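We count ligands from 1, going down the list as the structure has it; atoms in each ligand are counted the same way. A quick note: this is a predicted structure, and the numbers were derived from the prediction, not measured.
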Amino acid sequence: MDSLEMNELFGRIYENKAVLITGHTGFKGSWLALWLSQIGAKVIGYALPPPTSPSHAELLGIECLSNIGDIRDSEKLKNVIHRHKPEIIFHLAAQPLVRASYKNPVETFSTNIMGTINLLEACKDAPGLKAVVIVTSDKCYENKEWLRAYRENDPLGGYDPYSASKGCVEIITSSYRHSFFPVDKYGSHHSILLASARAGNAIGGGDWAQDRLIPDIVRAASRSETILIRSPKAIRPWQHVLELLSGYLMLGQKLLEAKPQFAQAWNFGPRQEDNLDVKSIVQRLQRHWKTINYQLSAKDDLHEANLLKLDSSKANSNLNWTPVWTIDEAIEMTGEWYRSFYEHNEIISEQQLKRYIQAAKQKNLQWAETNEIFANQA
Ligand SMILES: NC(=O)c1ccc[n+]([C@@H]2O[C@H](COP(=O)([O-])OP(=O)(O)OC[C@H]3O[C@@H](n4cnc5c(N)ncnc54)[C@H](O)[C@@H]3O)[C@@H](O)[C@H]2O)c1
């Protein structure tokens, strides 16, 4: 696929647009920066230095206007937004880990909550800004260990500090939307559409975070060590990182197209059959990387939800968003990415992004359509 065709994705909406990603030095942010740069956006980043070494962002070396700063530094953040004048902001910067949040609750709450408030304050008088997508999590819901998947209008909550911080961020986002960017006064009193996105457990190459399943496994495999798997029976909504990014980008497209009905909260989770337990994920990953050795742990020291599923029917029907890869394909891509990295010193993110887009085209997904007339339909 040549770059011209790439630019045509998402109805060409991102071509030549200034797009700010907070958290561009992290796992999801670096994949988003790659995708946006490939489709012709001018990518601006704001984040702390890469949280891990190796770092996907550093390995990719994407050309972007990278600003290193703390999201809690309101003046610096505001200056960056005013200087670069993004038309859309994807807010991903956060302390994203449950176990780290038990160790550092104050940092987790201040980064995730005050960071989001600083961003939304800076948005109020940001020149040329049209759209903001706040990234929270499947963990923002009050977990009732329900068999059924959580919907957007289920109660928010959070047991551990990370989950609670993401529940708070949802409430704050809703408050700012009602108080400062109300949908019914869009176009007359303000010109910003604000939405939030709740996705599941992202897997894919380039993640080296601590205490996350896939990074822990690949770290151990790369050293030929045996890994102890915590909570093997815990069920999570696993999905390839590109799946949720396609959701964020579709949502951003609708907001940039000035469609106020999309300024709300959205779930972007996997198909119901892809909600698997931890043990099944490890077993499937091992099929693609034989060096993986693991032992299952009987219990866990810290509380984490056992059963967590996301219902994405709203995104399926209203946004026409749907996952592209099955969980087996997502795991295969993930295994292949890490093996290429550890065994051949190759970074295959760009190739995998192209394969993902090709698969979406074959499924006739609207965002992957390169015929503009079709892509611009509601
Ligand atoms: N990875 C997942 O499975 C998952 C699932 C649900 C939601 N999320 C959310 O997606 C977003 C990105 O997660 P990720 O997995 O890429 O995490 P990550 O740790 O790889 O990246 C986090 C990013 O935030 C930045 N950051 C952290 N603290 C900061 C601060 N004080 N000031 C400025 N920048 C700061 C880091 O520098 C990095 O760029 C987060 O909001 C996270 O809560 C992730």
Nearest neighbour in protein (non-hydrogen) for [atom]:
| atom | answer |
| --- | --- |
| atom 19 (O) of ligand 1 | P96 CG, 3.2 Å |
| atom 11 (C) of ligand 1 | L92 O, 3.3 Å |
| atom 31 (N) of ligand 1 | D70 OD1, 3.0 Å |
| atom 22 (C) of ligand 1 | A94 O, 3.7 Å |
| atom 3 (O) of ligand 1 | A202 N, 2.8 Å |
| atom 29 (C) of ligand 1 | L48 CD1, 3.5 Å |
| atom 7 (C) of ligand 1 | T136 O, 3.1 Å |
| atom 21 (O) of ligand 1 | G26 CA, 3.3 Å |

Under 3.5 Å donor-acceptor pairs involving side-chain atoms of residues 58-68, not counting sequence neighbours:
residue : atom : partner : partner atom : Å
S66     : OG   : H24     : NE2          : 2.8
N67     : ND2  : G45     : O            : 3.0
N67     : ND2  : L65     : O            : 3.2

What atoms of ligand 1 come closer than 4.0 angstrom to any heavy atom of [X]?
| X | result |
| --- | --- |
| G69 | 32 (N), 33 (C) |
| I71 | 30 (C), 31 (N), 32 (N), 33 (C) |
| G200 | 3 (O), 5 (C), 6 (C) |
| N201 | 3 (O) |
| T25 | 36 (C), 37 (O), 38 (C), 39 (O) |
| V135 | 9 (C), 10 (O), 41 (O) |
| P49 | 37 (O) |

Does the N or O separation between [X] and ligand 1 drop below 3.5 Å for any pair?
| X | result |
| --- | --- |
| D207 | no |
| K28 | yes |
| A93 | no |
| R212 | yes |
| K166 | yes |
| A199 | no |

Could you tell me whether [X] and [Y] make a salt bridge, using a distance below 4.0 angstrom between a side-chain N and a carboxylate O?
| X | Y | answer |
| --- | --- | --- |
| D154 | R151 | no |
| K78 | D125 | yes |
| K76 | D70 | no |
| D277 | K279 | no |
| R355 | E336 | yes |

Under a plain distance cut-off of 3.5 Å, with no hydrogens placed, do [Y] and [X] share a side-chain donor-acceptor pair?
| X | Y | answer |
| --- | --- | --- |
| R198 | Y141 | yes |
| E142 | Y150 | no |
| T108 | Q95 | yes |
| T326 | D328 | no |
| T136 | E170 | yes |

Which bit of [X] is near ligand 1, meaning a heavy atom under 4.0 Å away: side chain, backbone, both or neither?
| X | result |
| --- | --- |
| Y162 | side chain |
| T111 | side chain |
| R72 | side chain |
| T52 | neither |
| A209 | neither |

If you look only at pairs with a residue in residues 36-73, which of them pass as a ring pair (Phe, Tyr, Trp, His ring centres under 6.0 Å), with sequence neighbours excluded?
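Applying ring pair (Phe, Tyr, Trp, His ring centres under 6.0 Å) to every pair that reaches into residues 36-73, excluding sequence neighbours, yields W31-H56, H56-W337.
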Is it true that atom CG of N153 has more than 12 heavy atoms of other residues, nucleotides or ligands lying nearer than 6.0 Å?
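Above 12, so yes.
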For K314, is the NZ atom crowded, meaning more than 12 foreign heavy atoms sit under 6.0 Å from it?
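More than 12 heavy atoms, drawn from other residues, nucleotides or ligands, come within 6.0 Å of this atom.
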F268 ring center near W321 ring center (under 6.0 Å)
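Ring centres of W321 and F268 closer than 6.0 Å.
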